[in-house]
Asks: 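To start, I am sharing the structure in question, which I have written as C-alpha cells.
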Amino acid sequence: MDVVRIRRELLEYLLELARDFYPNEFAGFLREKDGVFEEILIAPNPHFGRSSAFFDTWMLPYDESIKGTVHSHPGPSPRPSRADLHFFSKFGGVHLIIAYPFTEEDVRAYLSNGEEVRIEVVE
Ligand SMILES: [Zn+2]
C-alpha cells in the first residue's frame with residue numbers, strides 16, 4: 001500500500017477535533033468503507049493528555065471495518081513517538097497523526113512499521 005484514501009468531510013472533522021482538544025491530544029479509530037476512511041470512532045474513556053501512550057490503555061473494539069487510528073500532537077512534529085510506533089506495530093493498519101496547528105498540511109499517515117504513506121483526499 002502506498003496511498004491512504006480519506007473522505008474530505010472526515011479529514012475536516014478530524015482537524016476540527018484536533019483544534020477543539022488542543023492543548024490536549026485526541027485519539028480515535030478510523031472506519032473504512034470500500035478502501036476509503038469514512039468515519040471516526042472516539043473511544044469512550046480515553047486517557048487524554050500529553051502522553052502518547054494512551055492507546056495501550058484502550059479496549060480495542062471488535063469491528064472489522066476499523067482499519068486504522070488517528071491522534072493529534074499538540075506540538076509541531078507529526079512524527080510518531082516511540083510509544084506511537086509500538087502501538088502501530090501491534091495494531092497493524094494505517095495511522096494518522098495531526099500536528100499543531102492542525103491544517104491539512106499537518107496530517108501524516110504511517111503504516112504499522114512506521115513507514116510514511118501518501119494521503120489522498122477523496123471528495
Ligand atoms: Zn503520537
Asks: Is the shortest distance from a Lys or Arg side-chain nitrogen in E104 or R8 to a carboxylate oxygen in the other one below 4.0 Å?
Replies: yes
Asks: Which pair of non-hydrogen atoms, one from R7 and one from E123, has the smallest distance, and what is that distance?
Replies: NH1-O, 2.9 Å
Asks: Under 3.5 Å, side chain of R5 to main-chain N/O of I119, donor-acceptor pair present?
Replies: no
Asks: Using the side-chain contact (heavy atoms from CB on, under 4.5 Å) definition, which of the options V70, L10, L11 pairs with F37?
Replies: L10
Asks: If the plane angle is over 60° it's perpendicular, under 30° parallel, otherwise tilted; pick one for F26 and F21.
Replies: parallel
Asks: I'd like to know whether I66 forms a side chain to side chain contact (heavy atoms under 4.5 Å, CB included) with F91, so could you lay out the CA-CA distance, the side-chain angles of the two residues, the decisive distance to 0.1 Å, and finally the verdict.
Replies: CA-CA 10 Å; I66 292 177; F91 190 84; 3.8 Å; yes
Asks: Will you find, in the side chains of D84 and H71, an N or O donor that is under 3.5 Å from an N or O acceptor?
Replies: yes
Asks: Consider only side-chain heavy atoms of I, L, V, M, F, W and Y, link residues closer than 4.5 Å, and tell whether V117 and I98 are in one cluster.
Replies: yes
Asks: For R79, is there any backbone N or O sitting under 3.5 Å from a side-chain donor or acceptor partner on R108?
Replies: no
Asks: Check whether any side-chain heavy atom of I97 sits under 4.5 Å from a side-chain heavy atom of P80, and report yes or no.
Replies: yes
Asks: Considering only NZ, NE, NH1 and NH2 on the basic side and carboxylate oxygens on the acidic side, decide whether E38 and K33 come within less than 4.0 Å.
Replies: no
Asks: Please find out if less than 6.0 Å separates the ring center of H95 from that of F88.
Replies: yes
Asks: Before giving the answer on side chain to side chain contact (heavy atoms under 4.5 Å, CB included), spell out for L14 and I40 the whole-Å C-alpha distance, their side-chain angles and the decisive distance to 0.1 Å.
Replies: CA-CA 8 Å; L14 298 179; I40 179 177; 3.6 Å; yes
Asks: If you compare all heavy atoms of S72 against all heavy atoms of A18, which two are closest, and at what distance to 0.1 Å?
Replies: CB-CB, 3.9 Å
Asks: Are I6 and V122 close enough, and set up right, to give a side chain to side chain contact (heavy atoms under 4.5 Å, CB included), and what steps lead you there?
Replies: CA-CA 6 Å; I6 181 168; V122 178; over 6 Å; no
Asks: How long is the span from the NZ atom in K90 to the CG atom in L85, to the nearest 0.5 Å?
Replies: 13.0 Å
Asks: Where do P74 and P23 come nearest, in terms of heavy atoms and distance?
Replies: CB-O, 3.4 Å
Asks: Are any of the side-chain heavy atoms of L111 and V4 separated by less than 4.5 Å?
Replies: no
Asks: Could you tell me which non-hydrogen atom of P78 sits nearest to which non-hydrogen atom of D106, and how far apart they are?
Replies: CB-O, 4.2 Å
Asks: Should Y22 and Y13 be regarded as members of a common hydrophobic cluster, given that ILVMFWY residues are connected when their side-chain heavy atoms come within less than 4.5 Å of each other, either directly or indirectly?
Replies: yes
Asks: Could you report the tightest heavy-atom contact between S112 and G92, atom names first, then the distance?
Replies: CB-CA, 3.5 Å
Asks: CZ of R31 to CD of E39: how many Å apart, nearest 0.5 Å?
Replies: 5.0 Å
